[in-house]
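Both backbone and side-chain heavy atoms feed into the values below; hydrogens, waters and symmetry mates do not. Sequence lines set the chain letters: A, B, ... in the order given, protein chains first and strands last, and positions in each chain run from 1. As the structure is a computational prediction, the values presented were derived from the model and not from experiment.
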Protein chains: 2
Amino acid sequence: MTDLTLEERLEEAVKTLKVRGVRMTPQRYAILSYLLETRSHPTADEIYKALADRFPSMSVATVYNNLKLLKEAGLVRELTFGDQASRFDGQMHDHYHVTCIVCGRIDDFEYPPMRFIEKEAERLTGYATAEHRMEVYGICPACRKAQEEAKQMAMVTAKAAGNEH
Amino acid sequence: MTDLTLEERLEEAVKTLKVRGVRMTPQRYAILSYLLETRSHPTADEIYKALADRFPSMSVATVYNNLKLLKEAGLVRELTFGDQASRFDGQMHDHYHVTCIVCGRIDDFEYPPMRFIEKEAERLTGYATAEHRMEVYGICPACRKAQEEAKQMAMVTAKAAGNEH
DNA sequence: GTTTTATTGATAATAATTATCATTATCGGA
DNA sequence: TCCGATAATGATAATTATTATCAATAAAAC
């Protein structure tokens with residue numbers, strides 16, 4: 001199993017880009033390494049802000065340009081969520097996501113790719129299927145806890161209101 | 001199994017809306033019935049254009065307003081695809097979609113809801129999961145045929161070019 | 001019918017993303 | 001090491017889907 005370090009993955013990525021005739025710039029390198037090391041699935045704007053102190057003059061257009069380029073080179077995946085901003089994932093091994101419907105947090109989870117669903121779609125519709133996307137939605141542990149506490153609070157308040165007469 | 005006709009489903013939907021205190025207007029009725037009878041997963045703009053001859057003065061905002069309202073009433077589902085326009089689905093029984101990456105066409109296919117993946121995400125991440133979304137991507141039969149023909153054409157042309165000397 | 005209030009339609013506002021383009025920087029070769 | 005071709009950057013305008021605003025209109029309960 002290939003289990004590379006961050007540095008090795010970065011080196012690989014730079015090589016991949018060079019083969020494609022893509023020049024390496026400080027901004028590009030920073031965006032790439034930021035995406036390879038984080039697991040936070042950042043938006044373009046979050047990346048922009050995260051690098052703002054190191055590249056105060058960097059344009060938000062540069063972030064978008066590079067994200068598109070990295071995506072085309074197969075180094076990054078774009079996760080779209082309706083009209084909200086896209087999120088970007090530098091972890092290119094197959095995995096699925098759970099999204100918190102309260103706070104927007106996204107977590108990874110490992111599960112064998114469900115290729116059977118593509119085959120089934122193929123059989124039923126005549127499409128030549130190539131891939132699938134699957135997102136699970138729920139409430140993350142932190143937000144569950146917050147909701148639990150809010151409920152407790154409401155009960156205490158209700159009880160107090162009931163007693164005051 | 002409840003297998004209602006279009007008229008019965010419309011009647012049901014109108015009742016559901018009335019319970020929620022939603023008034024019925026000609027525009028709203030037209031949008032609703034359009035969504036219940038089509039299987040084309042139209043965008044807001046497509047609905048707007050489809051009803052333009054019957055409601056020449058209808059605003060595009062009215063279409064959006066009603067789509068949101070119908071969605072909140074559980075009568076319609078919104079399918080989002082990145083930064084492209086959302087598509088709307090009036091078929092509320094559980095089913096999945098295949099999307100053509102060439103022409104954008106969307107087809108339904110029936111498959112038992114994969115609740116196990118929600119349970120697995122729950123176990124692995126501690127989320128309280130509620131639902132999931134799964135989209136298969138591929139090339140529809142029509143576009144496959146078109147690509148096949150284009151390939152044939154290219155071969156013939158190449159052969160002709162090879163012979164001309 | 002009157003009245004209340006949800007709805008419509010016109011238009012402005014918003015937000016993410018892409019396009020444009022002059023200026024700058026990379027990198028292979030002289 | 002310097003040079004030149006050209007790719008990349010950064011500033012800004014443009015685009016597109018969607019939402020907000022609000023005065024005028026129309027449902028529907030009485």
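Between dT26(C) and Arg28(A), no contact under 4.0 Å exists linking OP1 or OP2 to a side-chain N or O. The shortest distance between the side-chain N/O atoms of Ser59(B) and the OP1/OP2 oxygens of dT8(C) is not below 4.0 Å.
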- For nucleotides 20-30 of chain D, 5' to 3', base contacts (B), sugar-phosphate-only contacts (S) and non-contacts (-) with protein non-hydrogen atoms under 4.0 Å give B------BS--
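Residue whose closest nucleotide on DNA chain D sits further toward the 5' end, between Val60(A) and Ser86(B): Val60(A). Annotation: of the two residues near DNA chain C, Ser57(B) and Gly21(B), the 5′-most nearest-nucleotide partner is Gly21(B).
Interatomic distance, Arg28(B) CZ to Leu17(B) CG, rounded to the nearest 0.5 Å: 7.0 Å. To the nearest 0.5 Å, atoms CZ (Arg123(A)) and OG1 (Thr129(A)) are separated by 12.5 Å. A distance of 8.5 Å separates CG in Leu67(A) from OH in Tyr64(A), rounded to the nearest 0.5 Å.
Looking at the side chain of Tyr64(B), the nearest of the listed nucleotides dG9(C), dA17(D), dA16(C) is dA17(D).
In this structure, OH of Tyr29(A) is placed 15 Å from P of dT9(D), rounded to the nearest angstrom. Summarising the geometry, the separation between CZ on Arg87(B) and P on dA17(D) is reported as 11 Å, rounded to the nearest angstrom. At whole-Å resolution of the value, NZ in Lys71(B) and C1' in dT18(D) are 11 Å apart. The distance from atom CG of Leu51(A) to atom C1' of dG10(D) is 15 Å, rounded to the nearest whole Å. In this structure, Tyr48(B) places its OH atom 10 Å from C1' of dG9(C), rounding to the nearest Å. Taking atom CD on Gln27(B) and atom P on dA6(C), their separation rounds to 17 Å, with Å as the unit. Leu67(A) places its CG atom 15 Å from the C1' atom of dA8(D), with the value rounded to the nearest Å. Look at CD on Gln84(A): it is 12 Å from C1' on dA15(C), rounded to the nearest Å.
The bend of the helix from dG1(C)-dC30(D) to dA30(C)-dT1(D), defined by the angle between the axes of its first five and last five pairs, stands at 30° to the nearest 10°.
Between Phe109(A) and Tyr96(A), the ring-plane angle classifies as tilted under the 30° and 60° cut-offs. Using cut-offs of 30° and 60° for the angle between ring planes, the His95(B) and His97(B) rings count as perpendicular. Ring geometry for Phe81(A) versus Tyr137(A): interplanar angle over 60°, hence perpendicular rather than tilted (30 to 60°).
Between the side chain of Glu148(B) and the main chain of Lys145(B), no donor-acceptor pair closer than 3.5 Å is present.
Checked by atom type, the side-chain pair Arg133(B)/Thr80(B) shows a donor-acceptor distance below 3.5 Å.
Asn66(B) comes within 4.0 angstrom of the backbone, heavy atoms only, and of no base.
Checking each of Asp45(B), Leu51(B), Thr43(B) against Ile47(B) for a side chain to side chain contact (heavy atoms under 4.5 Å, CB included) leaves exactly one that passes, namely Leu51(B).
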